[in-house]
Amino acid sequence: MPKTRGFFFFSVLTLNQKLFLCLIVLYSMKTLRNVLILVLVIATLVIIKIKFFPGNTPQVMPQQQGKPQAVTVTAYIVKPEKLNNKIYISGTLLSNEEVTLMPEIAGKVTRIYFKEGSTVKKGDVLLTINDIELQAQLKKLQVQEKLVAEQEARQKKLLAINGISQEEYDVMLSQVNATAADVELLRAQISKSQITAPFDGKIGLKNISEGSYVTPGTPIATMQQSDPMKLDFYVPEKYVSLVKVNGKLTFTTEVGNEKHDAVVMAIEPKVDAATRTIQVRAKTDNKSGNLFSGSFVRIEFSLEESENALMIPTESIIPILKGQKVFVARGGKAEEVKVETGLRSENKVQILKGLTVGDTVIATGIMQLKPGSLLRIQSINE
């Protein structure tokens, strides 16, 4: 019956349809033959490979499923250490005394007595301003002063014999006192025509020359006292209670690595609200003259010492949302412990809470850890 149906179906097709169907059958037989040949060639090559080259055949190792892998780490044994609480900050050197020399009156500079960069003593005359007019006025007042003094002496004798009234004598005496006051005022003005050194120190570069006309406020030169020197720096607010007057510190400059000693001389009694720091001023010797005002310095300031501080490597600390944590090794597994930190050194940090002496803190490989991870400790640093 099936053959009859197939023959009937084939007989009803048109000539073109019969030709197309025959082509499909022939193409399918050809493709199938090619596929069979290809499969046969591949099978032959596989048999030759296995039979003649067995040593080069890769062996696939079955994967171990369900067995956790140990993380290789290094550890650090917590133990008490001596901690010197130091802070490293920057500061600025200042002269012990510094002033910009300026005239108090206007006039022409008649003489400059100092040399640039020279050392002067307190009271030395540094510069004079033309005071000819003032000197002339002084001579005139001195003549008047002598005249009224003689008149007062004569009237005093007359008063003694009741030749004049007391009122007349008092008027003459007031003239004497007024003239004397005018003389003193003029002498004070004349003294301003000279600029003298206010303290022992060194003169800087001059800004004027002889013959220059100066007015009050014209800068002539700077003068500094550089031995001893002041050292200003700022300490964070949290260390304010640890900074004491007469506390010692050391510092270095950009010139070299030589360490200089200084002593705290004063502390600003107010915390800067903008920076949350407090200004501290120290004093240092400069007998060698190698320190210069305005120089940048690096300060090492010792605040306090602790003999039994618990210190761990800085890289062991992991910041978290509400604090910090570390991983410790307990029973061959990683355990998470929250800690409270304190002071820091160059490569270690102080632990205030969370750890005890003898704990094994994971130092490296912490990024691969989670609570309960198996550990393979490669080395332990004590």
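Just the heavy atoms: all of them, side chains too, but no hydrogens, waters or symmetry mates, feed the values below.
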Heavy-atom distance under 4.5 Å between the side chains of [X] and [Y], does that happen here?
| X | Y | value |
| --- | --- | --- |
| Glu254 | Ser295 | no |
| Lys248 | Asp261 | no |
| Val357 | Asn308 | no |
| Val73 | Ile366 | no |
| Lys283 | Val263 | no |
| Leu127 | Ile208 | yes |
| Thr253 | Asn290 | no |
| Gln224 | Glu98 | yes |

Return yes if some donor-acceptor pair links the side-chain N/O of [X] with the main-chain N/O of [Y] below 3.5 Å, else return no.
| X | Y | value |
| --- | --- | --- |
| Ser226 | Ser95 | no |
| Thr92 | Gly294 | no |
| Asn286 | Leu291 | yes |
| Lys370 | Met367 | no |
| Asp359 | Thr356 | yes |
| Glu168 | Ser165 | yes |
| Thr314 | Lys348 | yes |

Exercise. Should the pair Lys122-Asp200 be classified as a salt bridge under the 4.0 Å nitrogen-to-oxygen rule?
Worked result: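 No salt bridge links Lys122 with Asp200.
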
Does one hydrophobic cluster hold both [X] and [Y], with members joined at side-chain heavy-atom distances below 4.5 Å?
| X | Y | result |
| --- | --- | --- |
| Ile278 | Leu94 | no |
| Val245 | Ile89 | yes |
| Ile380 | Val71 | yes |
| Ile87 | Leu231 | yes |
| Phe327 | Ile320 | no |

Contact summary for [X] and [Y], nearest pair of heavy atoms:
| X | Y | result |
| --- | --- | --- |
| Asp182 | Leu141 | O-CD1, 3.6 Å |
| Asn96 | Gln225 | ND2-OE1, 2.7 Å |
| Thr284 | Leu93 | CG2-CD2, 4.4 Å |
| Glu116 | Lys206 | OE2-N, 3.0 Å |
| Val109 | Ser209 | CB-O, 4.0 Å |
| Pro313 | Ala363 | CG-CB, 4.4 Å |

For this session: Run through the side-chain heavy atoms of Ile, Leu, Val, Met, Phe, Trp and Tyr, join any pair under 4.5 Å, and report what else lands in Val148's cluster.
Result: Met172, Val176

Exercise. If you link I, L, V, M, F, W and Y whenever their side-chain heavy atoms are under 4.5 Å apart, who else ends up in the same group as Leu159?
Worked result: Leu158, Ile161, Ile164, Tyr169, Leu173

Exercise. Which pairs with one or both residues in residues 317-340 pass side-chain hydrogen bond (donor to acceptor under 3.5 Å, both in side chains), sequence neighbours excluded?
Worked result: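 For residues 317-340: Gln324-Thr341, Lys325-Glu336, Arg330-Glu335.
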
Problem set entry | Pairwise ring-ring contact (aromatic ring centres under 6.0 Å, His included) hits with a residue in residues 248-268, at least two apart | Phe251-His260

Exercise. Quick one: ring-ring contact (aromatic ring centres under 6.0 Å, His included) pairs with a partner in residues 85-140, sequence neighbours left out?
Worked result: none

Exercise. So among Leu134, Ile129, Asp131, Ile105, which one has a side chain to side chain contact (heavy atoms under 4.5 Å, CB included) with Lys192?
Worked result: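 Answer after filtering Leu134, Ile129, Asp131, Ile105: Ile105.
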
For this session: List the steps and the verdict of side-chain contact (heavy atoms from CB on, under 4.5 Å) for Val328 and Val361.
Result: CA-CA 4 Å; Val328 298; Val361 178; 4.1 Å; yes

Exercise. Looking just at side-chain N and O atoms, do Thr110 and Thr128 make a donor-acceptor pair shorter than 3.5 Å?
Worked result: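 Looking only at side-chain atoms, Thr128 and Thr110 do form a donor-acceptor pair, the distance falling under 3.5 Å.
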
Exercise. Heavy-atom count around Gln166 CD within 6.0 Å, excluding the residue itself: above 12?
Worked result: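 Correct, the count exceeds 12.
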
For this session: Tell me, yes or no, whether the heavy-atom count around Glu133 atom CD, taken from other residues, nucleotides or ligands under 6.0 Å, exceeds 12.
Result: no

Problem set entry | Pairing residues for Arg276 by the side chain to side chain donor-acceptor pair (under 3.5 Å) criterion, not counting sequence neighbours | none

For this session: Measure centre to centre between the rings of Phe301 and Tyr239, then say whether the value is under 6.0 Å.
Result: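 Phe301 vs Tyr239: aromatic centres not under 6.0 Å.
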
For this session: Apply side-chain contact (heavy atoms from CB on, under 4.5 Å) to Val264 and Lys244, showing your working.
Result: CA-CA 7 Å; Val264 176; Lys244 305 294 182 183; over 6 Å; no

